[in-house]
Q: 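Below are the structure tokens for one structure; questions will follow.
Sequence lines set the chain letters: A, B, ... in the order given, protein chains first and strands last, and positions in each chain run from 1.
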There are 2 protein chains.
Amino acid sequence: MADKKYLIGVDLGGTNITFAAVDFRGRITRKLKIPTQASRGRDAVMKRIIDGIRQLVLEQGSRAGRPAGVGIGSPGPLNSRTGVIYETPNLPGFRDTALAAPVHKALGLPVYLENDANAAAFGELWAGAGRRVENLVMLTLGTGVGGGIILGGRLYSGVDDTAGELGHMVIDPTGPVCGCGQKGCLEQFASATAIARRARQAVEKGGGSRLLKLAAGDPANISAKLVHEAFFLGDALARKVWLDTCRYLGIGIGNYINIFNPQKVVLGGGVMTSGRRKALFEPLKKEALARAFSRPARTARIVAAELGDEAGVIGAAGLALQKLR
Amino acid sequence: MADKKYLIGVDLGGTNITFAAVDFRGRITRKLKIPTQASRGRDAVMKRIIDGIRQLVLEQGSRAGRPAGVGIGSPGPLNSRTGVIYETPNLPGFRDTALAAPVHKALGLPVYLENDANAAAFGELWAGAGRRVENLVMLTLGTGVGGGIILGGRLYSGVDDTAGELGHMVIDPTGPVCGCGQKGCLEQFASATAIARRARQAVEKGGGSRLLKLAAGDPANISAKLVHEAFFLGDALARKVWLDTCRYLGIGIGNYINIFNPQKVVLGGGVMTSGRRKALFEPLKKEALARAFSRPARTARIVAAELGDEAGVIGAAGLALQKLR
């Protein structure tokens with residue numbers, strides 16, 4: 001079995017770095033997670049990435065085969081062709097930083113860099129909710145709203161690798177100001193942050209007694225997850241907040257169905273971890289499909305992501321495999 | 001020169017059918033335009049298409065070579081793989097109608113069918129404003145707002161050929177009701193129809209004396225073209241209507257730049273025929289680029305279409321050539 005090979009996926013985040021040995025069918029065979037310690041600066045983080053990969057290879061042992069290549073998913077903007085991070089708010093010091101080249105130099109393996117949201121979309125295509133389809137749009141509803149576009153079985157990343165900023169489609173120019181500078185981006189209605197904010201504002205105006213109880217009486221504790229819990233307890237305010245979210249998210253998803261005519265729309269991220277439960281997911285699907293033209297709406301299946309927070313590390317490995325081939 | 005060849009492009013519209021002999025570099029060498037006479041029904045229209053192609057070939061003469069294939073651009077929705085029109089509001093009787101097959105049978109030439117807005121986008125790519133780029137988004141601002149997406153030098157038309165409905169992105173859920181059933185589609189702000197409607201409404205509330213004069217005193221005569229003329233005469237109301245249009249169109253274009261990170265955004269259609277004049281075009285570009293993330297905004301060039309109403313017939317021929325190859 002001397003020619004047995006596996007892939008290494010790396011998910012570089014502001015808080016943690018996840019390393020995974022991934023087989024050629026997209027299954028994780030070993031995983032390692034370490035704190036990023038971003039505040040210690042760029043060179044320290046680079047060293048942690050290289051050491052982490054070495055550690056993973058060591059733990060795998062020679063019987064598991066040899067690593068064929070490394071895929072790194074990182075927040076961007078970045079250039080996947082040159083392997084350079086332009087800048088990234090959660091990793092101080094990483095401005096115009098070559099990431100792929102030094103890792104390649106240290107390990108002697110092919111190394112590929114990709115935007116983390118794109119990697120997650122590719123992971124779902126390869127080994128998750130997008131298996132057996134070729135065209136999908138993925139929205140990750142977390143602190144923000146990330147996006148990824150897969151067309152013809154390949155990641156679409158645009159001219160500068162900045163395509164797929166699907167959370168920053170303006171859907172209501174009178175909406176809340178977004179971190180990107182615009183008003184009324186989809187992210188301002190559908191992220192976990194936005195859901196919690198709307199619920200807090202509503203509770204402060206009165207109502208939502210069950211939700212407030214779940215939050216130990218303090219509106220500051222309200223999260224998107226608690227909104228979902230209160231929804232299931234029959235809290236009318238939580239129900240309204242979620243149905244409003246469905247309406248906005250429906251506009252966004254309907255727009256993407258009209259633009260891309262995809263086979264699937266995959267919804268991931270923290271909001272969907274509880275949101276995929278049927279009573280929450282059905283009104284969302286209904287809203288979205290009612291917003292699109294009938295033919296693409298008949299085609300598009302709106303589904304929950306399957307890989308959770310492993311989508312990024314699996315997808316980074318999968319993109320490396322696609323490039324190696 | 002027995003092996004000299006040319007392409008035949010057909011642009012099937014509700015009012016006219018345009019036929020063109022197109023060389024392999026996208027230049028029209030001969031053109032023929034006849035009324036569609038859509039009210040005479042499907043079979044009559046089919047016959048007019050076939051007769052029109054025969055007439056064009058006859059006029060070309062044998063010295064011009066032989067036709068290599070036919071590309072037909074038609075309103076949709078339609079299926080480009082099977083050459084079937086699903087339905088199309090302006091051509092009564094064309095429900096689930098095979099169009100490519102009977103034309104092929106009558107003429108013995110390869111025949112390809114494509115959505116007209118997609119054909120126009122491909123035409124601009126091949127021989128117009130999109131020459132030498134591979135990724136572009138085209139918006140056609142006419143009675144409605146049509147769209148076309150070119151990625152990697154190829155038309156992107158989705159799973160059912162319905163992708164690229166770029167005029168039906170909801171950008172303001174409180175906006176006017178659209179023919180598609182949604183509220184606040186881009187089309188409801190940026191089409192010639194929408195511009196004229198907003199100008200009429202504003203004139204009826206008072207103001208716009210120069211615009212009203214151009215319209216011979218009757219608000220019903222106000223068109224997008226007259227709004228542009230009045231803008232140049234210094235009419236404050238016309239100026240406001242156009243700047244509002246730029247703001248909405250800027251939201252739409254900014255969204256598409258964030259989604260696609262394209263090399264170009266090409267703007268065509270009746271609105272741009274006068275709108276490409278610098279004083280009108282500059283505020284539009286400025287609004288759009290201010291709406292997108294800085295990196296894709298630096299890359300994306302917003303330009304006016306170059307082929308006018310010949311884009312569709314040229315693009316249909318070009319798509320036929322791409323498929324023949």
Side-chain angles (χ1 to χ4, degrees), chain A residues 76-79 86-87 133-137 147 149 151-152 154 156-175 180-186 247-248 250-252 254-264 290-300, chain B residues 76-79 86-87 133-137 147 149 151-152 154 156-175 180-186 247-248 250-252 254-264 290-300:
Chain A
L78 53 76
N79 184 327
Y86 294 130
E87 63 181 309
V133 304
E134 291 220 308
N135 293 273
L136 70 83
V137 170
I149 303 166
L151 304 177
R154 302 188 81 88
Y156 177 75
S157 59
V159 177
D160 308 297
D161 275 332
T162 70
E165 282 291 356
L166 306 185
H168 296 281
M169 174 168 64
V170 173
I171 58 166
D172 181 354
T174 65
C180 76
Q182 298 306 314
K183 275 185 184 175
C185 291
L186 179 57
R247 198 165 59 84
Y248 287 114
I251 292 172
N255 284 349
Y256 287 125
I257 290 174
N258 281 348
I259 295 168
F260 287 106
N261 179 206
Q263 291 164 294
K264 283 196 177 175
R291 292 283 177 176
F293 281 97
S294 61
R295 190 165 295 271
R298 274 205 300 279
T299 295
Chain B
L78 52 78
N79 185 326
Y86 294 129
E87 63 182 310
V133 305
E134 291 220 308
N135 293 274
L136 70 82
V137 171
I149 303 166
L151 305 177
R154 300 189 83 87
Y156 176 75
S157 59
V159 177
D160 309 297
D161 275 333
T162 69
E165 282 292 355
L166 305 186
H168 296 281
M169 174 169 64
V170 173
I171 58 165
D172 181 354
T174 66
C180 75
Q182 299 304 314
K183 276 186 184 176
C185 291
L186 179 58
R247 198 167 58 84
Y248 286 114
I251 291 173
N255 284 350
Y256 287 125
I257 290 175
N258 282 348
I259 294 168
F260 287 106
N261 179 205
Q263 291 164 294
K264 282 194 178 175
R291 292 282 177 178
F293 282 98
S294 61
R295 190 164 296 271
R298 274 206 300 278
T299 296

Q: Can you list everything that forms a ring pair (Phe, Tyr, Trp, His ring centres under 6.0 Å) with B:Y156? Sequence neighbours excluded, please.
A: none
Q: For the interface with chain A, which of B:L166, B:T299, B:N255 has the highest count of heavy-atom pairs at distances below 4.5 Å?
A: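 Most heavy-atom pairs within the cutoff with chain A belong to B:N255.
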Q: I'd like to check the ring pair (Phe, Tyr, Trp, His ring centres under 6.0 Å) partners of A:Y256; sequence neighbours left out, ordered by chain and number.
A: none
Q: Donor-acceptor pair, B:N261 side chain versus A:V159 backbone, under 3.5 Å?
A: yes
Q: For the backbone of B:D172 and the side chain of A:D172, can you confirm whether one donor and one acceptor N or O come within less than 3.5 Å of each other?
A: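 Checking the backbone N and O of B:D172 against the side chain of A:D172, no donor-acceptor pair under 3.5 Å is found.
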Q: Answer whether the closest heavy-atom distance between the side chains of A:I171 and B:P173 falls below 4.5 Å.
A: no
Q: At a heavy-atom separation under 4.5 Å, does A:A300 approach chain B through its side chain, its backbone, both, or neither?
A: neither
Q: Could you give me the CA-CA distance, side-chain angles and deciding distance for A:I149 and B:I259, then say whether side chain to side chain contact (heavy atoms under 4.5 Å, CB included) is met?
A: CA-CA 9 Å; A:I149 303 166; B:I259 294 168; 4.2 Å; yes
Q: Could you walk me through whether A:L151 and B:L151 satisfy the side chain to side chain contact (heavy atoms under 4.5 Å, CB included) test, starting with their C-alpha distance in whole Å, then the side-chain angles of each, then the deciding distance to 0.1 Å, before giving a yes or no?
A: CA-CA 10 Å; A:L151 304 177; B:L151 305 177; 3.3 Å; yes
Q: Quick check on the interface: out of B:R295, B:R298, B:E165, who has the most heavy-atom pairs with chain A under 4.5 Å?
A: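 Heavy-atom pair counts peak at B:R295.
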Q: According to the interplanar angle, ranging from 0 to 90°, do the rings of A:H168 and B:F293 count as parallel (below 30°), tilted (30 to 60°) or perpendicular (above 60°)?
A: perpendicular
Q: For each of B:I251, B:D160, B:N135, tally heavy-atom pairs with chain A at distances under 4.5 Å, and name the one with the top tally.
A: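 Result: the option with the highest number of such pairs is B:D160.
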